Amino acid sequence: MPSYTVTVATGSQWFAGTDDYIYLSLLGSAGCSEKHLLDKPFYNDFERGAVDSYDVTVDEELGEIQLVKIEKRKYWLHDDWYLKYITLKTPHGDYIEFPCYRWITGDGEVVLRDGRAKLARDDQIHILKQHRRKELETRQKQYRWMEWSPGFPLSIDAKCHKDLPRDIQFDSEKGVDFVLNYSKAMENLFINRFMHMFQSSWNDFADFEKIFVKISNTISERVMNHWQEDLMFGYQFLNGCNPVLIRRCTELPEKFPVTTEMVECSLERQLSLEQEVQQGNIFIVDFELLDGIDANKTDPCTLQFLAAPICLLYKNLANKIVPIAIQLSQIPGDENPIFLPSDAKYDWLLAKIWVRSSDFHVHQTITHLLRTHLVSEVFGIAMYRQLPAVHPIFKLLVAHVRYTIAINTKAREQLICECGLFDKANATGGGGHVQMVQRAMKDLTYASLCFPEAIKARGMESKEDIPYYFYRDDGLLVWEAIRMFTAEVVGIYYESDQVVEEDPELQDFVNDVYLYGMRGRKSSGFPKSVKSREQLSEYLTVVIFTASAQHAAVNFGQYDWCSWIPNAPPTMRAPPPTAKGVVTIEQIVDTLPDRGRSCWHLGAVWALSQFQENELFLGMYPEEHFIEKPVKEAIARFRKNLEAIVSVIAERNKKKQLPYYYLSPDRIPNSVAI
């Protein structure tokens, strides 16, 4: 009688093991086995992290094994079980791998195919076609689109974390409880004594040090010591945590009537302002998006204010970027003066603080929330809905959407919801952040997610002209490494453009993103379908880069750049000045956030800057969804390329007082998970 050796691997995360009864059935080309109970006498099967082997004898030859069916039935109390994979040794001595990497809950079952990636056209056998179709039908019932707020990209239909399918939940919900994490952060930073002191102003700038944790030689300490300097202010537009707004100015906007006379003491080349513009030495950051956004009114005891400034910057003879003019609202006029470095010290300082505060709001809500979190969730939902687990693109992308839907659901539950944590400290809380996302959707285009194109569109591509733009330099290296990897994987499974075009599941995935994620907006430039291998490779690069590198670049520097409150105020408690020569140090301190809001802000940026426990970084694929040698070799080459980038960045940073490491691949998590 034919005998098979079945090896079963249980996950090593908390509560992955089970005491339930586990049954296995084999479905082959020549017949099906009976249901076998996998059980060894006097042995605790399926413990967390265990790899257990069983001999299964069948009555007759089954032929080529096509499917393995696993059923879980209650023993005493139901406990979920995380099955990593099953390996089958056939009577002929062949080994077949069946990857799973899924939770089996309740009296559940899972039917697995062997690990070879297959396109729909590769499946000619009825039972395999049926399995493929059933899996997608089930997933489409589980992963439903929902509009959380009008105008937003659609998100998952789940009110809270526990409503999500088990496979995409966090292993421990406690680890991503924002209220708990922010409170714990304030405790760790020894600032919890201030957390309820709303409406209580600080005495002066030095007073902010009471809640500032000094970690020797860190970026945050350098920010504290140099935040008032124009060089530090300009540098942050290139390499701070929002390095995506600065663009080369090709023409001075009419709404910002800066003249040569105003700024000539800042210009170093004996040229007029217009000539400097023509030579490409002038840059601009315009916060027009914030114009007319409602400021937070959730606390009747504290008035909060927003501005929509425009900032002009100059590349000096040392090739450093410095600010030369700031207007604090969009319409020029007598009550909207243009502030200059030649003005009184505190006039100029307060104007820069307003710009930093505006930058913080756009960073948090648009650069970070919309353009990494919400976009990655769209890719994740579309993937689960339209690509079966056997599809090569599912196998490629699943690591890059890990926990993304879960973290976003938690954010909607606790952070950006009505009366959420966002309302506590941010001037855009209470609904302003929602208005911002609705406005910013018109600028959310496919081209703007293609890193090289986005850099070019802002006129920032020249390394000779702008030599200290490390976000650009490192981002291009990582983008190219990902593009080469995706092109290799695409080449393995799609031998021609025609195969790409005729893959119905792939086309449904791309169309789902366009139709639901981007709300069917033609102006978004998102493709409804992909026509070639090159286009598919670029599309996959966008998905992986957004979830990994782009999120890392704009998330993990938040404590570095935003922990010194005057450098990134989350709210302002007085309106922007309407005249020059009246600003005092006392007025600035009274404008900055109070003690309570400062503490909640600090707790937030600390918590958001921490890596997850057991973080998986770019190029790490511990779940072996791919079993084929050519793909494993492509992954190994990808890792090697990433290691080379790590070395290049480490070498450059050795010589830097302000190292830039957010895009070093060994610090880029695979997915948006915090």
Side-chain angles (χ1 to χ4, degrees), residues 1-28 31-91 94-116 127-128 130-132 134-135 138-139 142 164-172 388-390 398 622-625 627:
M1 292 169 74
S3 180
Y4 293 82
T5 303
V6 178
T7 304
V8 181
T10 296
S12 53
Q13 59 269 65
W14 286 104
F15 311 114
T18 185
D19 289 325
D20 284 354
Y21 296 113
I22 302 298
Y23 296 92
L24 172 134
S25 313
L26 301 174
L27 288 77
C32 302
S33 76
E34 290 182 359
K35 195 157 76 169
H36 290 266
L37 175 65
L38 300 181
D39 183 43
K40 286 189 249 184
F42 312 111
Y43 176 75
N44 203 347
D45 307 271
F46 316 116
E47 286 292 283
R48 180 165 76 101
V51 179
D52 301 315
S53 289
Y54 304 87
D55 290 325
V56 172
T57 305
V58 297
D59 297 334
E60 55 192 1
E61 185 66 51
L62 300 177
E64 188 185 340
I65 299 299
Q66 292 165 340
L67 298 170
V68 169
K69 184 178 184 180
I70 296 286
E71 296 172 73
K72 185 166 82 69
R73 297 293 176 256
K74 188 164 86 169
Y75 166 66
W76 179 245
L77 291 170
H78 266 316
D79 50 3
D80 299 345
W81 178 42
Y82 189 84
L83 173 59
K84 284 171 72 177
Y85 60 82
I86 285 176
T87 305
L88 208 61
K89 185 185 177 188
T90 70
D94 299 324
Y95 284 87
I96 312 171
E97 292 176 54
F98 294 84
C100 180
Y101 302 105
R102 277 181 258 170
W103 288 94
I104 305 174
T105 60
D107 280 340
E109 60 182 55
V110 63
V111 181
L112 302 175
R113 290 184 57 163
D114 78 76
R116 291 169 299 173
I127 193 172
L128 297 181
Q130 189 183 36
H131 175 262
R132 200 174 189 115
K134 269 189 172 173
E135 183 184 7
T138 304
R139 290 236 215 98
Q142 290 179 312
L164 293 170
R166 184 67 181 90
D167 285 329
I168 59 168
Q169 289 182 23
F170 281 101
D171 296 333
S172 161
V390 74
V398 66
E623 293 185 353
E624 293 195 33
H625 290 273
I627 65 163

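What you see is a predicted model, and the numbers here were worked out from it, not measured in a lab.
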Looking at residues at least two apart in the chain, or sitting in another chain, which of them share a salt bridge (charged side-chain N to carboxylate O under 4.0 Å, His left out) with [X]?
{"X": "Glu64", "result": "Arg116"}
{"X": "Glu47", "result": "none"}
{"X": "Lys35", "result": "Glu71"}
{"X": "Asp80", "result": "Arg166"}

Work out which heavy atom in [X] is nearest to a heavy atom in [Y]; give both atom names and the distance.
{"X": "Phe98", "Y": "Gln66", "value": "CE2-O, 4.5 Å"}
{"X": "Leu27", "Y": "Cys32", "value": "CG-SG, 4.0 Å"}
{"X": "Tyr85", "Y": "Pro99", "value": "CB-CA, 4.0 Å"}
{"X": "Trp103", "Y": "Asp167", "value": "N-OD1, 2.7 Å"}

Checklist entry - Please walk me through it: do Ile96 and Val68 pass side chain to side chain contact (heavy atoms under 4.5 Å, CB included)? => result CA-CA 11 Å; Ile96 312 171; Val68 169; over 6 Å; no
Item to check | CA sep, side-chain torsions, deciding dist, call: Glu97, Leu88, side chain to side chain contact (heavy atoms under 4.5 Å, CB included) | outcome: CA-CA 6 Å; Glu97 292 176 54; Leu88 208 61; over 6 Å; no
Taking the side chain as everything from C-beta on, heavy atoms only, tell me whether [X] gets closer than 4.5 Å to [Y].
{"X": "Lys74", "Y": "Asp107", "value": "yes"}
{"X": "Val111", "Y": "Glu135", "value": "no"}
{"X": "Ile70", "Y": "Leu83", "value": "yes"}
{"X": "Ile104", "Y": "Glu109", "value": "no"}

What pairs with [X] under ring pair (Phe, Tyr, Trp, His ring centres under 6.0 Å), at least two apart in sequence or on another chain?
{"X": "Tyr101", "answer": "His625"}
{"X": "Phe46", "answer": "Tyr54, Trp81"}
{"X": "Tyr75", "answer": "Tyr21"}

My understanding is that only residues two or more places apart in sequence, or in another chain, count here; which of them pass side-chain hydrogen bond (donor to acceptor under 3.5 Å, both in side chains) with [X]?
{"X": "Thr57", "answer": "none"}
{"X": "Gln169", "answer": "none"}
{"X": "Ser53", "answer": "Thr7"}
{"X": "Glu624", "answer": "Lys632"}

Checklist entry - Hey, is OH on Tyr95 packed in by over 12 heavy atoms from elsewhere, all under 6.0 Å? => result no
What is the distance from atom [atom1] of [X] to atom [atom2] of [Y], rounded to the nearest 0.5 Å?
{"X": "Phe15", "Y": "Arg48", "atom1": "CZ", "atom2": "CZ", "answer": "8.5 Å"}
{"X": "Asp45", "Y": "Lys40", "atom1": "CG", "atom2": "NZ", "answer": "6.5 Å"}
{"X": "Asp52", "Y": "Thr10", "atom1": "CG", "atom2": "OG1", "answer": "6.0 Å"}
{"X": "Ile22", "Y": "Leu38", "atom1": "CD1", "atom2": "CG", "answer": "7.5 Å"}
{"X": "Arg113", "Y": "Cys100", "atom1": "CZ", "atom2": "SG", "answer": "14.5 Å"}

Next on the checklist: Under a plain distance cut-off of 3.5 Å, with no hydrogens placed, do Asp171 and Tyr82 share a side-chain donor-acceptor pair?
Outcome noted: no
Checklist entry - Does any donor atom in the side chain of Asp55 or Ser3 lie under 3.5 Å from an acceptor atom in the other side chain? => result no
Checklist entry - Run the side chain to side chain contact (heavy atoms under 4.5 Å, CB included) check on Leu67 and Ile127 step by step: do they pass? => result CA-CA 9 Å; Leu67 298 170; Ile127 193 172; 3.8 Å; yes
Checklist entry - salt bridge (Lys or Arg N to Asp or Glu O under 4.0 Å): which pairs involve residues 4-28, sequence neighbours left out? => result Asp20-Lys72
Item to check | Main-chain N/O of Ser25 paired to His36 side chain as donor or acceptor, under 3.5 Å | outcome: no
Checklist entry - Passes side chain to side chain contact (heavy atoms under 4.5 Å, CB included), Val110 versus Arg102? Steps please. => result CA-CA 9 Å; Val110 63; Arg102 277 181 258 170; 3.5 Å; yes
Checklist outcome for this item: Test side chain to side chain contact (heavy atoms under 4.5 Å, CB included), reference Val8, set Leu24, Thr87, Ile86, output is Ile86
